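See below for the structure under consideration.
Values in this document were obtained by computation on a predicted structure and should not be read as measured data.
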Amino acid sequence: MEKKIGVIIGARGIGDLIYHLPLLRSLHKSYKNKLIIFSNIVNKSPDVFKDEFFFKKIINFDNYRYGPLKTILNSIKFKKLLNRYCFDRIILTSNARRLILPVILSNAKEKVIFGNGKFIFNKDRSLEKYTISERLLKYTNQLNLPKKVNNFFLNSKKNNSKKKNKIFISVDSFHDQNNWPIENYIEIIKKLKKKNIIYVNFSPKKKYFLSYFSKNKIDSKNIIFTYDKKISKIIEIIKDCKVIIGNESGPVCLGSSLKKNVHAIYMPIHTKPESKIIYKKNKYYNTSKLKDSEIIKKIIKSI
């Protein structure tokens, strides 16, 4: 009899979805059955995992932090949703309390919670120094699955576009704390815009970034802004580009997972070059060791 396996992904970021790939593929190979995935609605997993074979269904759920009463009501609702499937094994890859309770109370035969301590609502502090990707790999290994697939590359249909020299530049990051000054990106764009088609991406909430481009008189038919595009369209654009430049963030993780020529800028006080676990050929620039002018020069020289 095939076992029903459910995986709950509470993470918000697209990069976090990429870091889940070894777990999801290992589960699929080990149980020889497609997974039912419950995923935080904001991470757009149906678009990111569109071409994957390890899932039967992806169910979006609301993982927003609410007040006590609504959190309890959402937990009850989520537990009822889980119980519809009568899972043999359910794996929660987050240790958020609002997700632990419905999992513990569900009718699943076996319940696994990554990052949980000795008691129900305690957290495992032993891996706090590790990055998200490192923790996920360690918890995956602890499952002792018969099949292990440590592969972070997304399946992707071949793109037959004949256009060349396409570059995707992401000028912001999810929490903004890892943002390299936009003026530096503008300098890169100035030097690349004549011979390349450049897609410039930032959050739809940050349309004020457009003022930087008008102020610097950056107006070219070769520059295309993607802030108003759906994530599904942005993923297709990244697939069509040869080079990805940006802060250590979701687009960099996507580019890495698609084996693009990635140039990632990071600030060590806020983040690590975590996406390097995806694709070791990525190029990284530490802003505490390199001057902005040096980073710009290195990126331009390598393209």
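- Although no hydrogens or angles enter the test, the distance criterion places a donor-acceptor pair under 3.5 Å between the side chain of N33 and the main chain of K3.
- Counting only distance, with no hydrogens or angles, the side chain of S214 and the backbone of S211 share a donor-acceptor pair below 3.5 Å.
- Heavy atoms of other residues, nucleotides or ligands lying less than 6.0 angstrom from NZ of K283 number more than 12.
- Taking all atoms of both residues into account, the shortest heavy-atom contact from I59 to Y85 is CD1-OH, 3.2 Å.
- Considering OG of S39 and CD1 of I9, their distance stands at 5.0 Å, rounded to 0.5 Å.
- For K166 and D240, the salt-bridge test passes: some basic side-chain N is under 4.0 Å from an acidic carboxylate O.
- Ion pairing between E52 and R25 holds under the 4.0 Å rule for side-chain N and carboxylate O.
- The hydrophobic clustering, which links ILVMFWY residues whose side-chain heavy atoms are closer than 4.5 Å, places F78 and I72 apart.
- In the hydrophobic clustering of this structure, I189 groups with Y208; members are Ile, Leu, Val, Met, Phe, Trp, Tyr whose side-chain heavy atoms approach within less than 4.5 Å, directly or through other members.
- Judged by distance alone, the side chains of N201 and T226 do bring a donor and an acceptor atom under 3.5 Å apart.
- By the side-chain hydrogen bond (donor to acceptor under 3.5 Å, both in side chains) test, R89 is found to be paired with Y31, E110, residues two or more places apart in sequence or in another chain being considered.
- Counting heavy atoms from C-beta outward, S173 and W180 have side chains that stay 4.5 Å or more apart.
- Not one N or O on the side chain of S30 forms a donor-acceptor pair closer than 3.5 Å with the backbone of L27.
- Within 6.0 Å of the NZ atom in K111, the count of heavy atoms belonging to other residues, nucleotides or ligands exceeds 12.
- Residue N282 comes nearest to S256 through the heavy atom pair ND2-OG, 2.7 Å, listed as atom of the first residue, atom of the second, then distance.
- The environment of K193 atom NZ is dense: over 12 non-hydrogen atoms of other residues, nucleotides or ligands sit within 6.0 angstrom.
- Both tests pass for K259 against the ring of F153: distance under 6.0 Å to the centre and angle within 45° of the axis.
- Ion pair E187/K190 flagged as a salt bridge, since at least one NZ, NE, NH1 or NH2 atom sits closer than 4.0 Å to an Asp/Glu carboxylate oxygen.
- Side chain of N95 to main chain of G115: a donor-acceptor pair is present (N/O by atom type, distance under 3.5 Å, no hydrogens or angles).
- Every side-chain hydrogen bond (donor to acceptor under 3.5 Å, both in side chains) that T93 has, sequence neighbours left out, goes to H20.
- The cluster map of Ile, Leu, Val, Met, Phe, Trp and Tyr, joined by side-chain heavy atoms under 4.5 Å apart, puts V149 and L143 in different clusters.
- Taking 4.0 Å as the cut-off between side-chain N and carboxylate O, K239 and D51 count as a salt-bridged pair.
- Residues H28 and K56 have side chains not in contact (no heavy-atom distance under 4.5 Å, counting atoms from C-beta outward).
- Between K215 and E183 there is no salt bridge, since none of the side-chain N atoms of the basic residue sits less than 4.0 Å from a carboxylate O of the acidic one.
- Between the side chain of N83 and the backbone N or O of N107 there is at least one donor-acceptor pair closer than 3.5 Å.
- In this structure, K44 places its NZ atom where only 12 or fewer heavy-atom neighbours from other residues, nucleotides or ligands lie under 6.0 Å away.
- For the residue pair Y185 / N179, no side-chain donor-acceptor distance below 3.5 Å is found, with atom types taken as modelled.
- Using modelled atom types, no side-chain atom of N43 and backbone atom of I14 make a donor-acceptor pair closer than 3.5 Å.
- Aromatic rings from F225 and F213 are positioned such that their centres are separated by under 6.0 Å.
- Taking the six-membered ring for Trp and the full ring otherwise, the centers of F38 and F61 sit at least 6.0 Å from each other.
- Inspection of the T131 and Y19 side chains reveals no N or O donor paired with an N or O acceptor under 3.5 Å.
- Side chain of S257 to main chain of L154: a donor-acceptor pair is present (N/O by atom type, distance under 3.5 Å, no hydrogens or angles).
- Residues forming a side-chain hydrogen bond (donor to acceptor under 3.5 Å, both in side chains) with N286 (at least two apart in sequence, or on another chain): Y266, S288.
- Put simply, the side chain of N184 never gets that close to the backbone of D292: no donor and acceptor are under 3.5 Å apart.
- For the pair I132 and E274, the tightest heavy-atom approach, listed with the atom from each and the gap, is N-OE2, 3.0 Å.
- Between I245 and I303, some side-chain heavy-atom pair lies under the 4.5 Å cut-off.
- No side-chain donor-acceptor contact under 3.5 Å links K109 to the backbone of F87.
- F152 approaches I277 most closely through the heavy-atom pair CD1-O, 3.6 Å.
- Nearest heavy atom pair, residue S75 against residue R98, reads OG-O, 3.3 Å.
- Residues N261 and S302 share a closest heavy-atom pair of ND2-O, 4.3 Å.
- Atom OH of Y66 sits in a crowded spot, with more than 12 heavy atoms from other residues, nucleotides or ligands closer than 6.0 Å.
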